[in-house]
2 protein chains.
Amino acid sequence: MDFTYINKIFDELNFTDEEITIVKSVFRKVKIKKGDILLKAGDLVNYQYYVVDGCMRTFHVDKEGKEYTIQFGISDWWISDYTAFFSGGKAVLNIEAIQDSTLYRISREDKEYMYSKMPKVDHFFRIKLEKAFTAFQKRILINLSKPAKERYINFIETYPKIEKSIKNYHIASYLGITTESLSRIRKELS
Amino acid sequence: MDFTYINKIFDELNFTDEEITIVKSVFRKVKIKKGDILLKAGDLVNYQYYVVDGCMRTFHVDKEGKEYTIQFGISDWWISDYTAFFSGGKAVLNIEAIQDSTLYRISREDKEYMYSKMPKVDHFFRIKLEKAFTAFQKRILINLSKPAKERYINFIETYPKIEKSIKNYHIASYLGITTESLSRIRKELS
DNA sequence: GTTAAATATTGATGTATGGTAAGAAATCGA
DNA sequence: TCGATTTCTTACCATACATCAATATTTAAC
């Protein structure tokens, strides 16, 4: 079995042989096909997922059936319904594969176990969270302050890799506009 | 000097006497008057602040001079320009006191020192970040999915304490609408 | 390659919220 | 307490984006 991904997940951490054994034991490979659902709203959320390759999408569906994309996940990103994963509650979000994808999952219990055995893992995830928090703050600010056209330009500049592999209506639902409005913006820009 | 605040800041952590000495040495009290600026965009951000009492506001000012409120900070909240504080870069945000306030500040260097000496502090701030991350995600979702009236209702339900001590135009700038629009919404609701 | 399905575009019209300007109400300072 | 300043409200019109409906284009299935 291939464990080279461990180095990629925890890139800058130096584990002892004993620690490597622990880390290997808690991750499990998950393969998922394009269009398949990894997590449904209402499910208990017991796992966090590391994306090796492919592309995932986290989204909310409101009462009228409209979708709002919270996050895309490509290679080297982590995905989950974090609100539910952190608290042990039920998912409000859905996660689907928008490309065939390979993930590694870890359970909340195993993550707690890693924290208790290896303080450096606490440190590692704290820094990951600082970056994720920063990214969310930037998104809140741009959503408050910029019109849709600028948000779209910012999106394709910030996520050039993602932009190529996803549908326009997914980008629209990330930006908070309709697919028709996005189409008009794209026309203006071309 | 009064160090009871230490227990409040790190409520569930049990420090040894030696650790308490370290913690006490890295925090410094800051008093600030209503209307005063704690941090200006462009400044280097060397501190993170714990609010003991009063009310602070973190906001961005765009090129046209319009303000966008990212966060309010009342008793027991932490505030800073985190993007800059985490990375060591310059502030994009401003922080002002909207009430006379008492804060305790800690520098990035001292925080790193605490992390290196006490893994439980890493653990503590990781959990704080998980909660802050979750709150931001909820805000992104409501900003994408709900009209201004519902965002306002959600705000006053979520932050009843804050709502009483701040101006309507600050709430408007947090919701991403004009003070005139907020006024119309308030009229509808009354 | 041809057809069906999915996705993207376009046009006409509606709605939420913005901008400007004026006035009313509340708060502050002497 | 009274005038000055700040904050809030109201009215009118403008704009960004939504909605609905139709059509065009791309992708997928056989």
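It should be emphasised that the depicted structure is a prediction, and the values quoted were computed from it without experimental measurement. Sequence lines set the chain letters: A, B, ... in the order given, protein chains first and strands last, and positions in each chain run from 1.
Rounded to an integer number of Å, the gap from OH of B:Tyr169 to P of C:dA26 is 17 Å. When rounded to the nearest whole Å, the span between NZ of B:Lys164 and P of C:dA26 equals 19 Å. Rounding to whole angstrom units, OH of residue B:Tyr152 and C1' of C:dA16 are separated by 18 Å. Taking atom CZ of A:Arg151 as the reference point, atom C1' of D:dA16 lies 10 Å away to the nearest angstrom. As rounded to whole Å, 12 Å separates atom P of C:dT10 from atom CD of A:Glu188. At whole-Å resolution of the value, NZ in B:Lys149 and P in C:dT17 are 10 Å apart. As rounded to whole Å, 11 Å separates atom P of C:dT17 from atom CG of B:Leu182. For B:Glu150 and C:dA16, the CD to P distance is 12 Å, given to the nearest whole Å.
Between A:Lys29 and A:Leu103, every side-chain heavy-atom pair lies at or beyond the 4.5 Å cut-off. Within the 4.5 Å cutoff, side-chain heavy atoms of A:Tyr82 are placed close to those of A:Gln48. Counting heavy atoms from C-beta on, the side chains of B:Asp81 and B:Val92 come closer than 4.5 Å. Contact check for A:Asp110 versus A:Phe27: no side-chain heavy atoms found under the 4.5 Å cut-off.
In this structure, the side chain of B:Asp53 does not engage the main chain of B:Ser101 through any donor-acceptor pair within 3.5 Å.
In terms of phosphate contacts, A:Arg186 brings no side-chain nitrogen or oxygen within less than 4.0 Å of OP1 or OP2 of C:dA8. Taking only side-chain nitrogens and oxygens, B:Asn168 never comes nearer than 4.0 Å to OP1 or OP2 of D:dT7.
A rotation axis mapping the C1' atoms of four pairs onto the next four is fitted at both ends of the helix from C:dG1-D:dC30 to C:dA30-D:dT1 over five pairs, and the angle between these axes is 60° to 10 degrees.
For the pair B:Lys111 and B:Phe125, the cation sits on the ring face: its NZ or CZ lies under 6.0 Å from the ring centre, inside 45° of the axis. Judged by a 6.0 Å distance limit and a 45° cone about the ring axis, A:Arg139 is positioned over the six-membered ring of A:Tyr174.
At the heavy-atom level, B:Ser183 lies under 4.0 Å from base atoms of the strands shown. Among the protein residues, A:Lys187 comes within range of the sugar-phosphate backbone only, with heavy atoms under 4.0 Å from sugar or phosphate atoms but none that close to a base. Nucleic acid contact class of A:Gly35 (heavy atoms, under 4.0 Å, all strands): none.
Partners of A:Asp122 under the side-chain hydrogen bond (donor to acceptor under 3.5 Å, both in side chains) rule, at least two apart in sequence or in another chain, are B:His123, B:Arg126.
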Residue pair A:Phe133, B:Phe136: steps toward the ring pair (Phe, Tyr, Trp, His ring centres under 6.0 Å) verdict: CA-CA 8 Å; A:Phe133 179 84; B:Phe136 267 5; 4.7 Å; yes
What do the steps show when you test A:Leu39 against A:Val45 for side-chain contact (heavy atoms from CB on, under 4.5 Å), and what is the final call? CA-CA 8 Å; A:Leu39 181 73; A:Val45 182; 4.0 Å; yes
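For A:Tyr159 and A:Trp77, the ring centers are positioned less than 6.0 Å apart. Checked against the 6.0 Å centroid threshold, B:Tyr104 and B:Tyr5 count as a close aromatic pair.
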At under 4.0 Å between heavy atoms, how does the protein contact nucleotides 20-30 of chain D? Give one character per nucleotide, 5' to 3', with B, S or -. B----------
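For DNA chain C, none of the residues of residues 55-71 of chain A falls under the heavy-atom distance limit of 4.0 Å. At a non-hydrogen distance threshold of 4.0 Å, B:Pro147, B:Ala148 from residues 139-148 of chain B come into contact with DNA chain C.
Pairs engaging residues 33-47 of chain B under the side chain to side chain donor-acceptor pair (under 3.5 Å) rule: B:Asn46-B:Arg108, B:Tyr47-B:Arg105 [sequence neighbours left out].
With D:dT9, D:dT19, C:dG18 as the candidates, the nucleotide lying closest to the side chain of B:Ser181 is C:dG18. Comparing atom distances between the B:Thr179 side chain and each of D:dC17, D:dT9, C:dT9 picks out D:dT9 as nearest.
For the residue pair A:Lys138 / A:Thr158, no side-chain donor-acceptor distance below 3.5 Å is found, with atom types taken as modelled.
Between A:Ile166 and B:Thr178, it is A:Ile166 whose nearest contact on DNA chain C lies nearer the 5' terminus.
Ion pairing between a basic and an acidic side chain is recognised when a charged N comes within 4.0 Å of a carboxylate O; A:Glu19 and A:Lys117 show no such pairing.
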